[in-house]
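Take a look at the structure set out below.
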Amino acid sequence: MVKGMDQRKAVVLLSGGMDSCVSTAMARELHGVPNIALLHASYGQRTEVRERRAFDDIADFYGVSDRLVVQLDHFRAIGGSALTDKSISVPENELGAPGPHGGAIPVTYVPFRNAHFLSVAVSWAEAIGAQALYIGAVAEDSSGYPDCRPEYYRVFQELIRVGTRPETQIEIVAPVITLKKSEIIRRGIELGAPLHLTWSCYQNEDTACGACDSCRLRLRAFAEAGVRDPIPYHRTVTAGR
């Protein structure tokens, strides 16, 4: 047993994006590859094929064989988000722009999405005896989605306690939730995370657009970290606020 290692089995939600990739690197450092299981959920998003490829590439990079991929197609039927409804345009060059009806939450928010991801992850964790559940949610320096706040995970932790077997012990771990995006990049570099294999763009699957909220947040973070973003962009806009 390596000193300081956490011997619990951990399920890691890995979208293929930068934040979940670094969370995977952190889980690997603490638990070791044999103790991590990677979960990917496709949900009818515009870039689901590219994100699945990123998941596979990152899982292969770390040599993790314990994987589960689920398809949550109901999000496309539900709609209400620019990520799953192609009749709603993905905003470009409008970081921080008001959402629908002037609300604070951007139109790229997928209604209550993370609860669905967490529910699948808890089910799998309970089935395989995992005691930690990692998610790469970021509260600050992000798009401001309501299901990425620390209080959301505190409440969900209680739901896990009352909704699983009495002997089940599953801890939600959100290791990057309080970090700035630039700090996440720096942490990833320290851990040797394969940031070059990640995908963040909301609307393109070949070359990142450089204009959607996710691309702009990513570009700004790399600029603040003083590191070149290793993925290709169709066009690079000013990465400021």
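Note that these values count all heavy atoms, side chains included, but never hydrogens, waters or copies made by symmetry. All values derive from a computational prediction rather than experimental measurement.
In this structure, the side chains of Arg187 and Met26 come closer than 4.5 Å at one or more pairs of heavy atoms. By the 4.5 Å heavy-atom criterion applied to side chains, Thr24 and Tyr134 are not counted as neighbours. By the 4.5 Å heavy-atom criterion applied to side chains, Cys209 and Tyr202 are not counted as neighbours. Using a 4.5 Å heavy-atom threshold, the side chains of Phe222 and Leu219 count as separate. Residues Val70 and Leu68 are in side-chain contact: their nearest non-hydrogen atoms beyond the backbone lie under 4.5 Å apart. A 4.5 Å side-chain heavy-atom check between Tyr109 and Pro146 finds at least one atom pair inside the cut-off. Using a 4.5 Å heavy-atom cutoff, the side chains of Pro194 and Cys21 are in contact. Annotation: side chain of Gln203 is in contact with side chain of Glu92 (closest heavy-atom distance under 4.5 Å).
A single hydrophobic cluster is seen to contain both Tyr145 and Ile177, as judged by linkage of ILVMFWY side chains at heavy-atom distances under 4.5 Å, directly or through other members. Under a hydrophobic clustering in which Ile, Leu, Val, Met, Phe, Trp and Tyr are joined whenever their side-chain heavy atoms come within less than 4.5 Å, directly or via other members, Val64 and Leu13 fall into different clusters. By the criterion of side-chain heavy atoms lying less than 4.5 angstrom apart, applied directly or through intervening Ile, Leu, Val, Met, Phe, Trp or Tyr residues, Ile36 is grouped together with Tyr62 in one hydrophobic cluster. The cluster map of Ile, Leu, Val, Met, Phe, Trp and Tyr, joined by side-chain heavy atoms under 4.5 Å apart, puts Val227 and Tyr233 in different clusters. Tracing side-chain contacts under 4.5 Å through hydrophobic residues (I, L, V, M, F, W, Y), one never reaches Leu14 starting from Leu39; they form parts of separate clusters.
A side-chain contact (heavy atoms from CB on, under 4.5 Å) with Pro232 is found for exactly one of Asp206, Thr207, Asn204, namely Thr207.
A side-chain donor from one of Ser20 and Ser15 sits under 3.5 Å from a side-chain acceptor of the other. Arg52 and Ser42 are not linked by any side-chain donor-acceptor pair at a separation below 3.5 angstrom, with hydrogens and angles left out of the test. Between the side chains of Glu171 and Gln157, no donor-acceptor pair of N or O atoms lies under 3.5 Å. No hydrogens or angles considered: nothing links the side chains of Thr47 and Glu205 as a donor-acceptor pair under 3.5 Å.
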Exercise for review: Starting from the C-alpha separation in whole Å, work towards a yes-or-no answer on salt bridge (Lys or Arg N to Asp or Glu O under 4.0 Å) for Glu224 and Lys180.
Suggested key: CA-CA 10 Å; Glu224 289 177 354; Lys180 287 175 59 66; 3.7 Å; yes

Point to revise | Stepwise side chain to side chain contact (heavy atoms under 4.5 Å, CB included) test for Asp66 and Lys9 | key: CA-CA 11 Å; Asp66 201 353; Lys9 190 168 185 65; 3.1 Å; yes

**Study point:** Derivation of the salt bridge (Lys or Arg N to Asp or Glu O under 4.0 Å) call for Asp57 and Arg50
**Key:** CA-CA 10 Å; Asp57 288 347; Arg50 184 63 183 83; 5.0 Å; no

Point to revise | Audit row: Val138, Leu179, side chain to side chain contact (heavy atoms under 4.5 Å, CB included) steps and yes/no | key: CA-CA 7 Å; Val138 180; Leu179 301 182; over 6 Å; no

Exercise for review: Assess whether side chain to side chain contact (heavy atoms under 4.5 Å, CB included) is satisfied between Ile170 and Arg161, documenting all intermediate values.
Suggested key: CA-CA 8 Å; Ile170 300 172; Arg161 186 186 69 80; over 6 Å; no

**Study point:** Worked check of side chain to side chain donor-acceptor pair (under 3.5 Å) between Thr84 and Arg46
**Key:** CA-CA 6 Å; Thr84 56; Arg46 292 171 186 257; over 6 Å; no

Practice item. Go through the steps to decide whether Glu183 and Arg186 satisfy the test salt bridge (Lys or Arg N to Asp or Glu O under 4.0 Å), and finish with yes or no. Key: CA-CA 5 Å; Glu183 292 173 328; Arg186 292 189 189 105; 5.6 Å; no

**Study point:** Intermediate values then yes/no, side chain to side chain contact (heavy atoms under 4.5 Å, CB included), Arg8 and Asn35
**Key:** CA-CA 7 Å; Arg8 295 180 299 171; Asn35 283 330; over 6 Å; no

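Around the CZ atom of Arg53, the shell of radius 6.0 Å holds no more than 12 heavy atoms that belong to other residues, nucleotides or ligands.
Note that CD of Glu29 and CD of Glu190 are 9.0 Å apart. Values are rounded to the nearest 0.5 Å. Distance CZ/Arg220 to SG/Cys215: 13.5 Å, rounded to 0.5 Å. The CG atom of Leu217 sits 9.5 Å away from atom OG of Ser200, with the distance rounded to the nearest 0.5 Å. Note that the CD atom of Gln169 and the OG1 atom of Thr164 stand 7.5 Å from one another [nearest 0.5 Å]. From Phe75, atom CZ reaches atom CG of Leu72 across 6.0 Å, with rounding to the nearest 0.5 Å. Summarising the geometry, atom CG belonging to Leu133 is positioned 6.0 Å from atom CD1 belonging to Ile160; distances are rounded to the nearest 0.5 Å.
Shown here for Ala82 and Val90, the closest heavy-atom pair between the two residues is O-CG2, 3.9 Å. Between Ala132 and Val173, the shortest heavy-atom distance links the atoms CB-CG2, 4.4 Å. Looking at every heavy atom in both residues, Leu195 comes nearest to Met18 through CD2-CG, 3.9 Å. Ile135 and Pro175 make their closest contact through O-CD, 3.6 Å (heavy atoms, listed as atom of the first residue, atom of the second, distance). The minimum heavy-atom distance linking Ile88 with Gly80 is given by the pair CD1-C, 4.1 Å. Nearest approach of Ala208 to Ile231, heavy atoms of both residues: CB-CD1, 4.1 Å.
Remark: side-chain polar atoms of Glu126 are paired, donor with acceptor, to backbone N or O of Arg165 under 3.5 angstrom. A distance-only check finds no donor-acceptor pair linking the side chain of Ser89 to the backbone of Pro91 [under 3.5 Å].
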Exercise answer: donor-acceptor pairs, residues 110-120 side-chain atoms, under 3.5 Å, sequence neighbours excluded:
residue: Arg113; atom: NH1; partner: Tyr43; partner atom: OH; Å: 2.8
residue: Asn114; atom: ND2; partner: Asp147; partner atom: O; Å: 3.0
residue: Asn114; atom: ND2; partner: Tyr153; partner atom: OH; Å: 3.1
residue: His116; atom: ND1; partner: His74; partner atom: NE2; Å: 3.1
residue: Ser119; atom: OG; partner: Ala115; partner atom: O; Å: 2.8

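Under the 4.0 Å criterion applied to side-chain N and carboxylate O atoms, Arg76 and Asp85 are not assigned as salt-bridge partners.
For Asp73, the side-chain hydrogen bond (donor to acceptor under 3.5 Å, both in side chains) criterion is met by Gln71, not counting sequence neighbours.
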